[in-house]
Amino acid sequence: MSTLELSEQEIIRRKSLEELNKLGINAYPAAEYKNTHFSSEIKQKFDPEKENLQEVSIAGRIMSRRIMGKASFAEIQDAEGRIQVYLNRDDLCPGEDKTLYNTVFKKLLDIGDIIGIKGHVFITKVGETSIHVKELTILSKSLKPLPIVKEKDGKTYDAFTDPEMRYRQRYVDLIVNPQVKEVFEKRRTIIKTMREMFDDAGYLEVETPILQPIPGGASARPFITHHNALDIPLYMRIANELYLKRLIVGGYDGVYEFAKDFRNEGMDRTHNPEFTVMEIYVAYKDYNWMMEFTETMLEKVAMALHGHTKVKIGDNEVDFKAPYRRLTMIDAIKEHTGIDISGMDETQLRTVCDELHIEIDETFGKGKMIDEIFGEKCEGHMIQPTFITDYPVEMSPLCKKHRDNPDLTERFELMVNGKELCNAYTELNDPIDQLDRFQEQMKLSEKGDDEAMFIDMDFVRALEYGMPPTSGMGIGIDRLTMFMTGQDSIQDVLFFPQMRPEKKEQVDTDELFAELGIPAEWIEVVRKTGYNKVSALKEAKPGKLFQDICGYNKKNKLGLTNPSQDDVKAWLA
RNA sequence: GACUCAGUAGCUCAGCUGGUAGAGCAACGCCCUUUUAAGGCGUGGGUCCAGGGUUCGAAUCCCUGCUGAGUCACCA
C-alpha cells in the first residue's frame with residue numbers, strides 16, 4: 001500500500017510498528033498469553049483489606065491513555081469490560097534501561113493496541129480499582145485509529161453513531177459501543193431459554209435442507225441458485241415447515257429448528273433478506289394448546305432476560321405475562337371498524353374495503369381482502385400480546401379448516417406492539433384437502449399472484465401415509481429480539497445486516513503508470529489528483545493535468561521538480 | 001420503486017444571504033509519579049461523496065449519479 005493512500009495517523013502507526021521491530025519486539029507474537037482474570041472479576045473480587053489479587057494478568061485492548069511523565073494510566077478493555085491499569089516508569093523498568101516505558105509504552109503504543117499485563121490490584125487515591133503493572137507484553141498492534149468515545153457521569157461524548165459505518169464495520173461498533181454487545185448476548189439468552197424449554201419437553205432439535213428443489217411452506221419470492229452437478233435449479237428456503245412436518249410423519253412427536261430463511265424481497269426496518277425463524281411442531285396437539293405453549297414460552301423468555309415480564313418497546317410498555325388475550329380476526333375487525341364481515345361474499349367485502357378506503361385490486365380474493373382490512377385497521381392497535389385467531393381459509397393453505405366453520409382455519413398469529421410475532425396452525429393433515437388447497441394456490445398464481453405457493457407432491461405423498469394431528473408454530477427470532485431488547489431496527493439485532501456492497505474504486509498499478517513514462521515520484525501525485533486509472537488519464541487534457549499536479553506539488557510542499565508541459569504531453573501521447 | 005433528509009480531518013460536528021476550510025476528541029513535539037471526558041504550551045492533518053453546470057470566484061446555488069437513514073409502496 002502506498003503511503004499517500006493512508007491517513008497521517010495510519011502512517012505514524014506503521015512507523016511505530018517498524019520501530020518496535022527494530023527494538024526486537026514482535027508486535028504479533030504467536031505464543032499463548034495466559035490471562036488469569038477478566039476485568040469485571042477483578043473489580044468484583046478485590047478487597048484491599050484482604051490484600052488479595054496480588055498476582056494477576058489480563059489481556060485486552062488499550063482504550064484510553066493518560067500519560068503524566070513518569071507515570072501513566074490506561075484503560076484495558078477485555079471481553080467483560082474495562083479496567084484501569086497504572087504504569088510507573090521505575091516499576092515497569094526496574095533497571096537502567098527505561099525503553100519499555102519511555103519508548104514502547106509512551107511513544108509506540110496506541111489506543112486500540114492489544115496488550116497483556118501482569119501486576120497487582122490496588123485502589124487509587126480517587127477510589128478506582130486498578131492494576132499496578134509490572135510486566136507488559138504487546139499482543140497485537142493496531143494500525144487503524146479507532147473512533148474515540150468518551151464518557152462522564154453516564155453521558156457519552158462523541159459517540160460512534162454513523163449507521164453505515166456501524167453496520168459495515170460491526171467489529172468497530174462492538175469495540176467502541178458496549179451496549180451493542182449486550183443486545184447480542186440477550187439474543188443468545190432468548191434462544192437458549194427457548195431451546196431449554198423444548199429440550200425439557202423432549203422435543204428433538206433437527207436440521208432440514210436450506211437448498212430446496214421446491215420452495216415451500218410460505219408465500220414469498222425465493223432466491224434461486226443452480227446446482228452444477230445435478231444441473232437443476234435450487235431455491236434457498238423461504239421456510240422449513242414442509243420438511244418438519246415430514247419428520248412428524250416419520251414418527252417424531254416433537255421437532256423444532258432454529259432456521260435461517262431467505263426471502264428475495266424489500267428490506268426495511270423489520271425485514272432483512274436472511275433472517276432467523278424458530279419453527280416447532282408437536283403431534284397430537286391443536287392450536288389452542290399451542291397458544292398456551294407460546295405464551296408460556298414468551299413469559300419464560302422475558303423472565304430470563306429481565307427478571308420480570310414487562311418490557312419497554314418504544315413508548316409502550318408490553319407485558320408478556322401469560323395468558324394473552326384471544327380474539328378472532330372477525331371480532332378484531334368488528335372491534336376496530338364496527339363492521340361485522342362474517343358471512344359476507346366477495347362483492348360485499350369489496351364494498352367494505354371501498355368504505356374503509358382500503359386499496360385493493362381485482363386479483364384479491366376474499367381472504368386477501370379480509371387480511372387487508374385487518375392489516376390496515378386492526379394490526380397497529382394490538383400493543384399488548386394478543387392472539388388473533390381463525391383466519392380465512394384462502395390465505396392459509398397449510399392450515400386445517402376450523403372445526404366449527406369451513407370458511408375459516410385454525411390459525412393464530414400473535415400480535416405484539418402492532419406487529420406479527422408468531423404464526424401457528426392446527427396443521428392440515430388431510431392429504432386430499434391439502435392437494436385441493438395447493439391447486440387453489442395454483443389458480444391464484446395463474447391469476448397473477450406471484451407469491452402463491454408451489455405444489456409439493458412429495459409433501460402430499462407424505463401426508464398420504466398419515467400425519468398425526470399436529471400443531472405447529474413459527475416465531476421470528478430477529479423480531480422477538482427487537483421486542484425483548486427494545487431495538488427498533490432489525491439491523492441492530494443482526495451482527496451483519498445486509499448492505500449494498502462497498503464500491504472500491506479500481507486503481508491501476510504503478511507499473512501501468514510507469515509505462516506511460518511518468519517518473520516514479522509523480523505517480524502518486526497523479527493518482528492523488530484524481531486519475532486512478534491509466535484509461536482516465538488518457539482522456540485528460542494535458543494542460544489541466546499539468547496544472548493539477550504542479551499545484552498539488554506546491555500546495556503539499558512535496559519539493560518535487562515540476563515536469564515541463566511537453567513532458568506531460570508526452571505521457572498522454 | 002417514490003418522496004424527504006444527510007454525506008466536510010481518524011471520530012463527533014460547526015461553517016449564515018457564494019469571497020483563503022473551523023472546533024472538541026484523536027495524532028505529533030515538549031512538561032508533568034495516583035489520573036479518569038486528566039491538565040498546560042506548541043504543531044501538523046482536508047479530492048468539503050463523485051461528476052457536470054452557473055459565476056470573476058462554489059463546501060455553500062442548480063442538475064445528474066453514488067452511499068446511508070427515515071416515510072410510503074411492496075412484503076409477514
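Here is how names work: the chains are called A, B, and so on, in the same order as the sequence lines, proteins then strands, and each is numbered from 1.
Between A:Arg13 and B:A27 there is no side-chain N or O to OP1 or OP2 distance below 4.0 Å. Phosphate contact (OP1/OP2 of B:U35, side-chain N/O of A:Arg66, threshold under 4.0 Å): absent.
Near-neighbour residues of RNA chain B inside residues 147-155 of chain A, defined by a heavy atom below 4.0 Å, number-ordered: A:Pro147, A:Ile148, A:Lys150, A:Glu151, A:Lys152. Only A:Gln84, A:Tyr86, A:Asn88, A:Asp90, listed by number, bring a heavy atom of residues 81-94 of chain A to less than 4.0 angstrom from any atom of RNA chain B.
The side-chain heavy atoms of A:Met194 and A:Ile477, taken from C-beta on, include a pair separated by under 4.5 Å.
Note: CD (A:Gln498) to P (B:U67) measures 13 Å, nearest angstrom. For A:Ile62 and B:A26, the CD1 to C1' distance is 14 Å, given to the nearest whole Å. A:Asp162 places its CG atom 14 Å from the P atom of B:G10, with the value rounded to the nearest Å. Atom CD in A:Glu379 sits roughly 13 Å away from atom P in B:C75 (whole-Å rounding). In this structure, the NZ atom of A:Lys419 is 16 Å from the P atom of B:C75, given to the nearest Å. Rounded to an integer number of Å, the gap from A:Lys125 NZ to B:U35 C1' is 10 Å. One interatomic measurement links the two molecules: CZ of A:Phe160 to P of B:A26, which rounds to 17 Å at whole-angstrom precision. Atom CG of A:Leu146 and atom P of B:A27 are 11 Å apart (whole Å).
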If you restrict it to nitrogen or oxygen atoms, what contacts under 3.5 Å exist between nucleotides 21-24 of chain B and the protein, and what is each distance?
{"residue": "B:G24", "atom": "N2", "partner": "A:Asp158", "partner atom": "OD2", "Å": "3.3"}

Please list, for nucleotides 69-72 of chain B, all pairs of protein and nucleotide N/O atoms separated by less than 3.5 Å.
{"residue": "B:A69", "atom": "OP1", "partner": "A:Gln491", "partner atom": "OE1", "Å": "2.7"}
{"residue": "B:A69", "atom": "OP1", "partner": "A:Gln491", "partner atom": "NE2", "Å": "3.2"}
{"residue": "B:U71", "atom": "OP1", "partner": "A:Arg269", "partner atom": "NH1", "Å": "2.5"}
{"residue": "B:U71", "atom": "OP2", "partner": "A:Arg269", "partner atom": "NH1", "Å": "2.7"}

Extract from the structure each pairing of a protein N or O with an N or O of nucleotides 28-32 of chain B at less than 3.5 Å, listing the distance.
{"residue": "B:C30", "atom": "OP2", "partner": "A:Lys107", "partner atom": "NZ", "Å": "2.7"}
{"residue": "B:C32", "atom": "N3", "partner": "A:Ile67", "partner atom": "O", "Å": "3.4"}
{"residue": "B:C32", "atom": "N3", "partner": "A:Gly69", "partner atom": "N", "Å": "3.3"}
{"residue": "B:C32", "atom": "N4", "partner": "A:Gly69", "partner atom": "N", "Å": "3.3"}

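For the residue pair A:Gln498 and A:Asn272, no side-chain donor N or O sits within less than 3.5 Å of a side-chain acceptor on the partner. Using a 3.5 Å distance cut-off with no hydrogens or angles, the side chains of A:Tyr86 and A:Ser72 do not pair a donor with an acceptor. Residues A:Asp91 and A:His132 have side chains that bring a donor and an acceptor to within less than 3.5 angstrom of each other. For A:Thr129 and A:Gln84, the side-chain atoms include no donor-acceptor pair closer than 3.5 Å. Counted by atom type alone, A:Gln77 and A:Arg82 present one or more donor-acceptor pairs between their side chains at under 3.5 Å. Residues A:Arg411 and A:Ser396 have side chains that bring a donor and an acceptor to within less than 3.5 angstrom of each other. Side-chain contact annotation: A:Arg13 with A:Ser142, donor-acceptor N/O pair under 3.5 Å present. Counted by atom type alone, A:Glu413 and A:Tyr391 present one or more donor-acceptor pairs between their side chains at under 3.5 Å. A donor atom on one side chain and an acceptor atom on the other are not found under 3.5 Å apart for A:Tyr235 and A:Asn264.
Taking 4.0 Å as the cut-off between side-chain N and carboxylate O, A:Asp78 and A:Arg61 do not count as a salt-bridged pair. Taking 4.0 Å as the cut-off between side-chain N and carboxylate O, A:Lys400 and A:Glu410 do not count as a salt-bridged pair. Using a cut-off of 4.0 Å between Lys/Arg side-chain N and Asp/Glu carboxylate O, A:Asp371 and A:Lys368 are scored as not salt-bridged. A salt bridge links A:Glu10 with A:Lys144: the distance from a Lys NZ or Arg NE/NH1/NH2 to an Asp or Glu carboxylate oxygen falls below 4.0 Å. A salt bridge between A:Glu75 and A:Lys150 is absent, with no side-chain N of the basic residue lying under 4.0 Å from a carboxylate O of the acidic one. Using a 4.0 Å cut-off between charged side-chain N and carboxylate O, A:Glu19 and A:Lys22 make a salt bridge. Comment: A:Glu241 engages A:Lys245 in a salt bridge, judged by a side-chain N to carboxylate O separation of less than 4.0 angstrom.
With the nearest nucleotide of RNA chain B identified for both A:Phe275 and A:Phe122, A:Phe122 has the one nearer the 5' end.
Annotation: salt bridge (Lys or Arg N to Asp or Glu O under 4.0 Å) contacts involving residues 479-496 of chain A, sequence neighbours excluded, comprise A:Arg166-A:Asp492.
Within the nucleic acid shown, A:Arg166 has no heavy atom closer than 4.0 Å to any nucleic acid atom. Nucleic acid contact for A:Glu75: none, since no nucleic acid atom lies under 4.0 Å from a heavy atom of the residue. Among the protein residues, A:Asn272 comes within range of no part of the nucleic acid, since none of its heavy atoms lies under 4.0 Å from any strand.
Base-pair partner of B:C32: not found among the strands shown (Watson-Crick or G-U wobble, both distances under 3.5 Å). Using Watson-Crick or G-U wobble geometry with both donor-acceptor distances under 3.5 Å, B:C74 finds no partner in any strand shown. Nucleotide B:G51 forms a Watson-Crick or G-U wobble pair with B:C63, both donor-acceptor distances falling under 3.5 Å. Judged by Watson-Crick or G-U wobble contacts below 3.5 Å, the nucleotide B:G68 has B:C5 as its partner. For B:G18, there is no paired base (Watson-Crick or G-U wobble, both distances below 3.5 Å). As the counterpart of B:A27, B:U43 is assigned, both hydrogen-bonding distances of the Watson-Crick or G-U wobble pattern falling under 3.5 Å.
Of the possible polar contacts, one joining the A:Arg65 side chain to the A:Leu109 backbone as a donor-acceptor pair under 3.5 Å is found.
For B:U33 and B:G10, the C1' atoms lie 31 Å apart once the distance is rounded to whole Å. Here, B:G19 and B:A59 have their C1' atoms 13 Å apart, quoted to the whole Å. The same atom, C1', is picked in B:U43 and in B:A6; the two are 33 Å apart, to the nearest Å. As rounded to the nearest Å, B:A14 and B:G52 have C1' atoms that lie 28 Å from one another. The C1' atoms of B:U8 and B:C48 are separated by 4 Å, rounded to the nearest whole Å. B:U20 sits 36 Å from B:A38 when the C1' atoms are compared, rounded to a whole Å. Between the C1' atoms of B:G45 and B:A26, the separation comes to 11 Å (whole Å). When the P atom is compared between B:C63 and B:A27, the two are found 42 Å apart, to the nearest whole Å.
Here the nucleotide nearest the side chain of A:Phe73, chosen from B:U12, B:U34, B:C75, is B:U34. Across B:U67, B:U34, B:G10, the shortest atom-to-atom separation from the side chain of A:Gln9 is found for B:G10.
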